[in-house]
Amino acid sequence: MAYALQQLINGLTLGAMYGLIAIGYTMVYGIIGMINFAHGDIFMVSAFIAITAFTLLAAADVTSIPLALTFVLVVAIFFTSAYGWAVERTAYRPLRGSTRLAPLISAIGMSIFLQNAVQLTQGARVKPIPPVLEGGVVLWDAPGFAVQIGWSQLLIIVTTVVLMIAFTWMITQTPFGRQQRACEQDRTMAGLLGVNVDRTISLTFMLGAALAAVAGVMVTVYYGVVDFFIGFLAGIKAFTAAVLGGIGSLPGAMLGGLLIGLIEAFWAAYLWAEYKDVATFSILCLVLMLRPSGLLGRPEVEKV
Amino acid sequence: MMLTMAGVHAHYGHIHALRGIDVEVQVGEIVTLIGANGAGKSTLMMSLFGNPRASAGRIVFDGEDITRVPMHEIARRGIALVPEGRRIFQRMTVLENLQMGATHADPANYAADLARVQALFPILAERQAQRAGTLSGGEQQMLAIGRALMSRPKLLLLDEPSLGLAPIYIRKIFQIVRELNRDHGMTILLVEQNANQALRVAHRGYVLQHGQITLAGTGRELLESPEVRAAYLEGGGHG
């Protein structure tokens with residue numbers, strides 16, 4: 001029982017991070033109908049930005065943890081959004097109006113480019129940072145096993161919940177959110193009404209990247225190590241989360257992320273830890289075969 | 001002059017859809033475009049928004065050349081389109097659709113504009129929290145017109161507003177067109193298959209054939225013209 005509760009906490013932490021990344025996939029799919037395979041690498045880039053920022057802070061002798069975290073978050077969000085913007089501008093916008101496959105291939109190219117760029121500039125080794133947030137609270141001191149929530153886990157879960165509430169509010173209640181949804185439903189019509197469609201698409205990429213940046217900072221704080229390849233697996237898992245929730249659906253991405261995190265944690269705890277990735281990707285296959293529209297997605301309707 | 005199209009050509013892929021269009025709309029006029037399916041009526045309207053972009057010729061709106069202006073800027077300058085097939089945002093509420101119509105309008109006017117549109121179409125007030133996709137075809141058309149009016153356009157473009165609607169809604173649409181023009185001084189460019197009704201409500205009209213204007217005149221002149229009668233009015237023209 002105590003062990004299961006611990007796995008629940010671990011799973012929630014993992015799921016929060018997957019959910020943050022999954023939103024970027026689902027929003028981009030919603031607005032331009034493509035899977036941005038470079039999104040996982042955007043996340044990886046943000047983790048490196050976070051590491052650099054932490055290193056700079058350590059060099060500057062900043063010891064206040066809240067101050068350091070805020071600074072790193074702001075820096076990571078700023079630069080990662082810029083990456084998101086640049087990727088859309090250079091790799092996807094020139095291909096708009098071409099075949100559906102072209103931006104997809106371009107996305108894979110961009111993913112490889114980002115991985116290699118980071119590998120060349122930052123090196124292929126795993127980069128560690130000293131622990132930022134150590135310790136936690138013991139929730140339940142059960143006989144033989146103490147259930148603990150780490151400060152970093154608490155930080156991840158709380159930040160994610162706050163962000164998701166803010167984000168949902170923005171999409172459903174603000175003029176920008178309305179324009180974003182209008183572009184999703186009928187881009188030409190939105191343009192006819194005066195919405196700057198190109199700008200809305202750019203902002204969508206930047207928002208997705210900003211959320212991935214938060215996930216990148218969190219992963220750095222949580223694990224304390226990054227390498228140039230972490231974007232691949234995290235990206236595909238978040239993509240699985242988006243598909244499971246129903247690609248194109250925002251609440252779906254959040255739910256999907258949560259489920260994938262929980263499944264992974266429980267699978268690793270009770271079944272075979274070494275097969276946890278297999279579990280995730282089996283889910284991807286099963287969802288695609290049995291329910292391609294996902295848990296909360298709309299069934300694909302052919303437009304005439 | 002509200003709108004002048006001078007020698008406009010446009011292409012849709014390999015199709016040469018507009019072949020030297022000259023059309024003028026004066027302030028306060030209702031002008032109608034009639035023509036068979038595929039004559040280029042919708043293309044003509046969309047070309048005002050640069051979709052497709054005019055490959056030759058000039059489009060002048062309200063004294064300014066808008067031939068190369070980006071699509072989203074056109075709405076800002078005062079042209080609103082009620083497109084063919086309505087194209088309302090199905091998964092948004094009725095109110096959100098109207099808010100989309102006010103995308104670039106002055107927020108100070110929003111409350112007044114909303115009240116005006118809802119007075120014109122009371123159904124849009126009753127159903128404001130409902131998803132737009134659940135409205136009937138006629139109601140969706142009202143919503144599409146209401147959405148266009150939310151921006152206080154100088155020129156209102158209506159593309160086949162009566163297509164596929166029940167007779168009661170068709171009557172209502174033509175009544176609204178007349179009212180908007182007479183009581184609010186709205187300048188309207190109307191594309192219709194329903195040539196008989198359209199020519200009756202319009203001050204002037206153009207006949208479009210294979211991307212060219214083949215005939216122009218007042219509504220009455222066109223109604224009485226033997227070519228128009230033969231091609232568009234007799235044999236099912238009375239809708």
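Hydrogens, waters and symmetry mates play no part in the numbers below; they use all other heavy atoms, side chains included. Throughout, protein chains are lettered first and strands after them, A, B, ... in sequence-line order, and every chain is numbered starting at 1.
Contact of the B:Met100 side chain with the A:Gln179 side chain is registered, since non-hydrogen atoms from C-beta on lie closer than 4.5 Å. In this structure, A:Arg181 and B:Phe89 have side chains that are not in contact, with every pair of non-hydrogen atoms separated by 4.5 Å or more. Taking the side chain as every heavy atom from C-beta outward, B:His104 and A:Val195 never approach each other to under 4.5 Å.
For the atom pair CG (B:Leu81) and CE (A:Met189), the distance works out to 6.0 Å, reported to the nearest 0.5 Å. Distance CG/A:Leu193 to CZ/B:Arg76: 11.0 Å, rounded to 0.5 Å. Expressed to the nearest 0.5 Å, how far NE2 of B:His72 lies from CZ of A:Arg199 amounts to 8.5 Å.
Taking a 6.0 Å sphere around OH of A:Tyr92, one finds it holds more than 12 heavy atoms contributed by other residues, nucleotides or ligands. No more than 12 heavy atoms of other residues, nucleotides or ligands lie within 6.0 Å of OH in A:Tyr83, so this atom counts as exposed by the packing criterion. The environment of CZ in B:Arg68 is crowded: more than 12 heavy-atom neighbours from other residues, nucleotides or ligands sit within 6.0 Å. Within a 6.0 Å radius of CZ in A:Phe78, other residues, nucleotides and ligands contribute 12 heavy atoms or fewer. Surrounding NE2 of B:His210 are at most 12 heavy atoms belonging to other residues, nucleotides or ligands under 6.0 Å away.
At a 4.5 Å heavy-atom cutoff, B:Met150 makes no contact with chain A through either its backbone or its side chain. Looking at A:Thr172, the atoms closer than 4.5 Å to chain B (heavy atoms on both sides) all sit in the backbone: N, CA, C or O.
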For B:Thr103 and A:Arg178, what are the C-alpha separation, side-chain angles and deciding distance, and is it a side chain to side chain contact (heavy atoms under 4.5 Å, CB included)? CA-CA 10 Å; B:Thr103 293; A:Arg178 206 159 50 230; over 6 Å; no
Pair A:Gln185-B:Arg87, side chain to side chain contact (heavy atoms under 4.5 Å, CB included): steps then yes or no: CA-CA 9 Å; A:Gln185 293 182 34; B:Arg87 298 181 86 152; over 6 Å; no
Between B:Met71 and A:Leu192, is a side chain to side chain contact (heavy atoms under 4.5 Å, CB included) present by the stated rule, with each step listed? CA-CA 6 Å; B:Met71 184 194 264; A:Leu192 291 171; 4.1 Å; yes
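When the candidates B:Arg91, B:Met46, B:Met92, B:Arg77 are compared by the number of heavy-atom contacts under 4.5 Å with chain A, B:Arg91 comes out ahead. When each of B:Glu73, B:Gln90, B:Glu96 is checked for heavy-atom pairs under 4.5 Å with chain A, B:Glu96 comes out on top.
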